[in-house]
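Everything below concerns the one structure shown next.
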Amino acid sequence: MASILKTFNGIQLFNKYLKQSIDKIYIPNRGKRLNPPPKKRHPEWLPKPTRVLYNEELTSENKEFLSEIVSSTKGLLNNNTSPLNNELIQSNATWTPNSKRTGLIGKKIGVYPMWLKNGRKVLTTLIQIVDNEVVKYIPPEEYKPVKPIRHRIEVKNGCLVLGAINVDPQLLTKEYYGIFNKAGVTPKKVLMRFTISPNAVLQPGTPLYATHFKPGEFIDIRGKTIDRGFQGVMKRWGFKGMPASHGVTKTHRRPGNIGSGGKLARVMPGTKMPGHMGNRWRILKGVKILRINTKYNVIWVLAQNVPGELNTMCYLYDTILPTKKSTSPYFPTYLSNESELPENLYADDVHPFENPTIVFQSES
């Protein structure tokens, strides 16, 4: 009888323990890692841009006619007022230290040397601003950032959707084309979002140029690094490797010991090991603008390590570094006539090519 009571009490204790710990059971999820690989797909807020092409049985004359219509309509809507939107915002606010204006969508086109006035040679990266236009404004009450907001902080800033690189409307899906048809702008190949303060709103259809920034200002550049694929520790993390001789066998490019030793007896999270290299969004902060070409909308920045390979798109926006913030930017953007400025704008410490390098002064 006593053994039956002990068994019954044990079952009760086990059920009580199971009831208390059922909420603490951890179910591992396959593929959930500390640094998961990036998802190679469009953002959640972007519909599928391109459609499946099929034979429409068009004659050569019809194809030429359609191409002429598309080429003639490109650029006609590049003005400060969108013809299909008469109820949109015209910002007349002034800049404050808490203001946050939009950025630009740039295309990395190469690396080029420049010379400063002190004779120093520097390497710069050329970034071209191609067909940037405001497509849509999302107010703070409707703006949903991609990353979850910690502690449920109220969103105080809105968002501007910018587009770049005009594209043929025949290649787009109806849903994607509807974004531009509603705003009254030419369809764009690339769309990016920029967080802005409510006083920096721009009307959809407003063109943005390289003169949005000034030479001598500091900006942040966000781009996706070159996809290197699966690489070892020497290429991925810069390890030295093992010796090449003296008894070393088949471990010349290996990482070596990865265990922590002692009672831990496990590999610590964050250990540098072989894996996928590149294809990550990275931000280069505090980059100085040395030169701006107003004719071709090209910006020269003092950096040769801008993330991404050639002909890839990147974000350009005012730096968040407190010691390098601009105190008098064009707010909300440069809206004056582009012909009022010279073709080339230089920072104060840059030597322009048209200036002489040596100046002779008479002794008298």
Side-chain angles (χ1 to χ4, degrees), residues 35 37-40 43 99-116 120-130 132 145-147 157 159-160 162 164-165 190-196 208-229 231 235-238 272 275-293 296-327 329-330 333 345-350:
N35 188 16
K39 298 177 181 179
K40 297 181 180 180
S99 298
K100 190 173 184 180
R101 62 175 187 158
T102 182
L104 297 177
I105 304 175
K107 182 179 182 181
K108 181 179 175 182
I109 59 175
V111 178
Y112 195 77
M114 292 194 71
W115 283 263
L116 305 182
R120 179 189 169 197
K121 176 186 175 182
V122 294
L123 289 177
T124 62
T125 300
L126 280 71
I127 301 176
Q128 188 176 16
I129 311 302
V130 187
N132 275 215
V146 176
K147 292 185 178 181
N157 291 331
C159 170
L160 271 185
L162 301 188
I165 306 179
V190 180
L191 288 182
M192 292 183 178
R193 303 199 300 182
F194 291 87
T195 303
I196 62 168
L208 300 175
Y209 305 103
T211 49
H212 180 76
F213 301 109
K214 298 178 183 179
E217 287 184 345
F218 293 89
I219 60 175
D220 293 345
I221 304 176
R222 181 175 183 261
K224 183 173 284 189
T225 56
I226 300 175
D227 191 357
R228 304 289 185 182
Q231 297 296 334
K235 186 176 180 67
R236 191 185 187 199
W237 302 108
K272 295 180 179 179
H276 195 101
M277 180 181 177
N279 199 31
R280 298 285 198 277
W281 286 101
R282 294 292 181 261
I283 302 176
L284 187 62
K285 298 180 181 178
V287 183
K288 186 177 181 180
I289 298 176
L290 297 185
R291 177 184 173 187
I292 293 177
N293 183 277
Y296 299 102
N297 280 316
V298 179
I299 300 176
W300 281 255
V301 295
L302 183 58
Q304 56 176 328
N305 56 339
V306 174
E309 51 188 331
L310 292 182
N311 298 321
T312 55
M313 311 305 291
C314 57
Y315 293 80
L316 308 177
Y317 50 89
D318 296 327
T319 183
I320 62 173
L321 300 180
T323 58
K324 295 184 178 181
K325 282 187 176 181
S326 177
T327 56
Y330 292 126
T333 186
L345 304 174
Y346 296 93
D348 295 335
D349 55 345
V350 176

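This is a predicted model, so every value here is computed, not measured.
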Smallest separation among heavy atoms of [X] and [Y], with atom names:
X      : Y      : value
Thr319 : Gly286 : OG1-N, 3.7 Å
Pro307 : Gly223 : CB-O, 3.6 Å
His212 : Gly103 : NE2-CA, 4.4 Å
His276 : Arg236 : O-NH2, 3.2 Å
Pro215 : Ala347 : CB-N, 3.6 Å

- Name the one of Ile127, Ile299, Ile283 that satisfies side-chain contact (heavy atoms from CB on, under 4.5 Å) with Ile221? Ile127

Is the closest side-chain heavy-atom distance between [X] and [Y] below 4.5 Å?
X      : Y      : answer
Thr102 : Thr333 : no
Tyr315 : Asp220 : no
Val350 : Arg291 : no
Asp318 : Phe213 : yes
Thr312 : Lys224 : no
Met114 : Leu302 : no
Lys288 : Val122 : no
Leu208 : Ile129 : no

Drop me the distance from [X]'s [atom1] to [Y]'s [atom2], to the nearest 0.5 angstrom.
X      : Y      : atom1 : atom2 : answer
Leu284 : Gln304 : CG    : CD    : 11.0 Å
Leu126 : Lys107 : CG    : NZ    : 13.0 Å
Ile165 : Asn132 : CD1   : CG    : 9.0 Å
Lys272 : Trp237 : NZ    : CH2   : 6.0 Å
Asp227 : Arg280 : CG    : CZ    : 9.0 Å
Leu310 : Ile226 : CG    : CD1   : 8.0 Å

- Query: Just by modelled atom types, is the Tyr209 backbone N or O under 3.5 Å from a matching donor or acceptor in the Asn297 side chain?
  - Reply: no

- Message: Using a 3.5 Å distance criterion without hydrogens, assess whether the side chain of Thr225 forms a donor-acceptor pair with backbone atoms of Asn279.
- Response: yes

- Query: With sequence neighbours excluded, what pairs up with Pro329 under the side-chain contact (heavy atoms from CB on, under 4.5 Å) test?
  - Reply: Trp95, Arg101, Glu217, Ser326

- Residues Phe194, Asn157; criterion side-chain contact (heavy atoms from CB on, under 4.5 Å); working and verdict: CA-CA 10 Å; Phe194 291 87; Asn157 291 331; over 6 Å; no

